[in-house]
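Everything on this sheet refers to the single structure shown next.
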Amino acid sequence: MKEFPKKYNPTESEQSWAKKWQQSDLYSFKSGQAREESFVVDTPPPTVSGSLHIGHVFSYTHTDMVTRYKRMKGYNIMYPMGWDDNGLPTERRVQNKFAIRCNPSLSYDDSWSPSEAKAKTKSSEVSRQNFIESCGLVTQEDEKAFEELWRRLGLSVDWDEQYATIDSHCRKISQLSFLDLWNKGFIYQNESPTMWDVDFQTALAQADIEDRESPGAYHDIRFAVDGGESFVISTTRPELLVSCIAVVAHPDDERYQKFFNKTAVTPLFGAKVPIRPSEHADPEKGSGILMVCTFGDAADVDWWKTSGLGIKQSIGKNGRMLELEFGSGPFSSIDSAKAGEFYSDLVGLKVHQARKKVAELLATPGTCPLNVDATSMDCALVGEPKAISHPVKYYEKGDRPIEFITTRQWFVEILKHKQPLLEQGKKIAWHPSHMHTRYHNWVEGLNQDWCISRQRFFGVPFPVWYKVLDSGEVDFSNPLFASVEKLPVDPFTDCPEGYSENQRARPGGFVEDPDVMDTWATSSLTPQLVSNWGLDEKKHGEVFPMDLRPQSHEIIRTWAFYTIAKAWMHSNEIPWKNVVISGWILDPDRKKMSKSKGNVVTPQNLLDDYSSDAVRYWTARARLGVDTAYDESVFKVGRKLSTKLFNASKFVLGFFAEESVSSLSLENVTVAVDRSFLSSLRKTVEEASRSFEKFDYATALSVSEQSFWNFCDNYLELIKIRAYGAEGVSNDDRLSALVALRVGLETYLRLFAPVMPFITEEIWSWYFADTSIFNHHGENNSIHLSSWPEGSDFSGLKETGQETDLLGLAGEVLSQVRTAKSDAQKKLKWPVDNLVVEVGKENLDSVKKLVDDIIRAGNVLNNALELREANEGLDGKLVRTSIILAEEEVQKA
RNA sequence: AGGCGCGUAGCUCAGUUGGCUAGAGCACUUCCUUGACGUGGAAGGGGUCAGCGGUUCGAGUCCGCUCGUGCCUACCA
């Protein structure tokens, strides 16, 4: 028996165990075992954002508890940790931290190193390579901070299995994936209108977009019709008037049928545009007739694609109005000079400025009759703009609405494959199951292929170059791909096969593909990153498909979806068998905690104040998929449980400290109430196991906790005097109690080990590490390698032949005795002169077996307990008592 | 506007296939000053289970509608 402390100091103890675990191979994956003997987790790589928040602690602990359970069940655990460091969030942070901007046209400066910027430093430009190195520096620091937090929290991660989405391994697999998808025909390149963020100046995918309710205004604008009439369209984007390529109304709309196949003339710019019928025009909305512009929205893009008309691009990649030349190219006009004059007021303006300016121009008398035959019109704007609020598409990380801009991009084909992707979703078990609906809805609602190229820097480059023709033109139609053996490549510094560096960007030579991949193009490969897909078939076979994908619900559309899609495209498999969805942490006002809202609680203080075990306890109380309000009182409950575990263990193990108890076999549990306790514990064990099998750690904890408090409050109180070996207690009866106590404690510690790994390990080390028969996983006698309790552990228990819950009955009697003492404002040890217990006939024999323990626990003097059969109803209660307390606190005779 | 959740004590939440005289913890009130535990223990008060209607011997639980609330998706004329 190890010396154990009088008081529990969680901070000290937790730190010391974290250190010991770090030095051991407790959590390492053992290669060479069969797939079915392993349990493999696809850990979410956290965005290394520089700030840790309580939401991280929450969901990662959920996964850890399941993993610890599986480890105790004997599985070979693969529990890796990745860091999501590539992508925009890092770039943005680096830009601010060092006050730098990336200018890809600069060349690398190896003498330069980043330094922390003082407030309001003006940004300086650095080369692509310098920029990328700065990103690497920052993320490494953050990854250390995360690792420290994870270790302190007790996540049982195998730290040998680490990856960072920007590291060379991940770049290699990402490029391999790209080439594989290209070879399988899932990838194409296309120059077409794509959603574009004008601040980050990059293309985006559907999953990156969110709607935000934003203010806008309907501008009613009169268009002339060639031949002398006019109509009014209603638009929120008058600045796109210059890009108008057509006007459409619903084919059944009688108001406008007469105009179909005629030509309209736009105000200000005098462009002749066709008037056509189109189903997508809603007669109820606005004036029922609308202008199609290149491009105002997705509907414009769709319509344009089938129209055979050209593009009039007026918004630049930076979100400002482009310089345009009227009278030539697409911008023909019936009065080019006038059009150019109007437009000169708009050139270079940002979209929202141009909108205001156009409205002014349209409202100015005399600016308008550029039409053919409208001498009576001098102002195209009809009435005042009418303010509205409407949803507008934004990049989820952006500040200005997205635009549709024509650029060359790489796409992964998904629209064609909705059906098989829906099927894949059905093969996966979603926990809770209704989360499957989210996946299903998302896939059904997809309307764009996945744009995977981004015009950014800190990401995985495409392993692609293009030939430069002798004419100097770039030949995009025959890309040059890197060979698989060369991966990862950086096309900026590596050359395509058969070329040398001096041919870069020269006629007859080559140029690199300038883009990087969408961060999800890498994150969607987390299972393959860990399994070494394409590189190490043996390891891949040992861990793929994985067992568990934990994640939160808002990224079902991205992370879950893309991962499922890739696994299907690469190998026609599901990436994992189970998806487990954690809810969100809500602040006390029931808003989601997030950095941008400034309502984030940092985990560090909580761990200091309440201990890791207590914080873990709080996370364990939250059921899967259910959002949880941040509530400090739950930490206190967790701390209380860990204190109770400590004290109860100290007490129980006290019996084993000084004397050796010769036989601890379950056969020695001969007293009925002891057997009753153990058989109820067996039920608890079975229910906790069932719950854990469904990843329902919350119910597992709940039933264990309930049982444990009953153990402390009722069972221990009832039998402790017998366990002391008080006068008149036979050795057999005492031994019965001791064995039950030991088995009970040994079981509770293991039940709580996944939730509270520190306190349970601490207690286990005092005694069970040396004595427990459940330490059979090797040389390390950590509780975390002991075996999870099973119903069969109790099979040595002698059958009682009856189902009565003796502990419950005894608890009921004791409770009534306590109530009597409490009502009389006496202490609990206050003696009882006389105790009458009435029970139903069916329980008479049962209670007889409890009499001795009840007399001792209730401090009934002179064995004055009278047991009677109740001859009247008991009002639904098990027992009725009448209690006479002693007058004075006399010593027991 | 559709889809998916949720609405149970002051607060945070359990409540399996309908059997409930509706539970727990926190908070509150009273008591106990401790032979495992004052970072504790015991006892107690507190609820028309959002509302209405239906199925049933019986509904917190199943069905329908309504209200409130949250998320996901759609919606830039």
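Naming: A, B, ... by sequence-line order, numbering from 1 per chain.
Looking at which nucleotide of RNA chain B each of A:Phe404 and A:Arg623 is closest to, the 5′-most match is held by A:Arg623. Mapping A:Pro10 and A:Asn447 onto RNA chain B via the closest heavy atom, the residue that lands nearer the 5' end is A:Pro10.
Nearest to the side-chain atoms of A:Arg557 among the listed nucleotides B:rC72, B:rC76, B:rA43 stands B:rC72. Out of B:rA43, B:rU39, B:rU33, the shortest distance to the side chain of A:Arg639 is found at B:rU39. Ranking B:rC32, B:rC26, B:rU12 by closeness to the A:Lys827 side chain, first place goes to B:rC32. Out of B:rC71, B:rC32, B:rA43, the shortest distance to the side chain of A:His553 is found at B:rC71. For A:Arg818, counting side-chain heavy atoms from C-beta on, the closest listed nucleotide (B:rG41, B:rG5, B:rA43) is B:rA43. Side-chain proximity of A:Asn647 to the nucleotides B:rA43, B:rC37, B:rC76 is greatest for B:rC37. Side chain of A:Gln825, nearest nucleotide from B:rC31, B:rC26, B:rU12: B:rC31. With B:rG40, B:rC76, B:rA43 as the choices, the nucleotide that has an atom nearest any side-chain atom of A:Thr819 turns out to be B:rA43.
You'll find a donor-acceptor pair under 3.5 Å spanning the side chain of A:Lys644 and the base of B:rC37, going by distance alone.
As rounded to the nearest Å, B:rU61 and B:rA22 have P atoms that lie 14 Å from one another. Spacing between B:rG40 and B:rG45 at atom P, rounded to whole Å, works out to 23 Å. Atom C1' of B:rC49 sits at a distance of 13 Å from the matching atom of B:rC13, rounded to the whole Å.
The nucleotide B:rG68 finds its pairing partner in B:rC6, both defining distances of the Watson-Crick or G-U wobble pair being shorter than 3.5 Å.
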Is there a side-chain contact (heavy atoms from CB on, under 4.5 Å) between A:Arg742 and A:Phe655? Walk through the geometry before answering. CA-CA 9 Å; A:Arg742 186 208 145 111; A:Phe655 293 113; over 6 Å; no

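When atom types are taken as modelled, the side chain of A:Gln448 and the backbone of A:Ala205 share no donor-acceptor pair closer than 3.5 angstrom.
In this structure, A:Phe646 has its ring center under 6.0 Å from that of A:Trp766. For A:Phe752 and A:Phe708, the ring centers sit closer than 6.0 Å to each other.
Between A:Trp584 and A:Glu554, the side chains place a donor N or O and an acceptor N or O closer than 3.5 Å (distance only, hydrogens not considered). Counting only N and O atoms by type, the side chains of A:Thr235 and A:His219 include no donor and acceptor under 3.5 Å apart.
The aromatic rings of A:Phe695 and A:His431 sit perpendicular, their planes meeting at an angle over 60°, well past the 30° parallel limit.
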Please list, for nucleotides 1-3 of chain B, all pairs of protein and nucleotide N/O atoms separated by less than 3.5 Å.
residue	atom	partner	partner atom	Å
B:rG3	O2'	A:Asn441	ND2	3.1

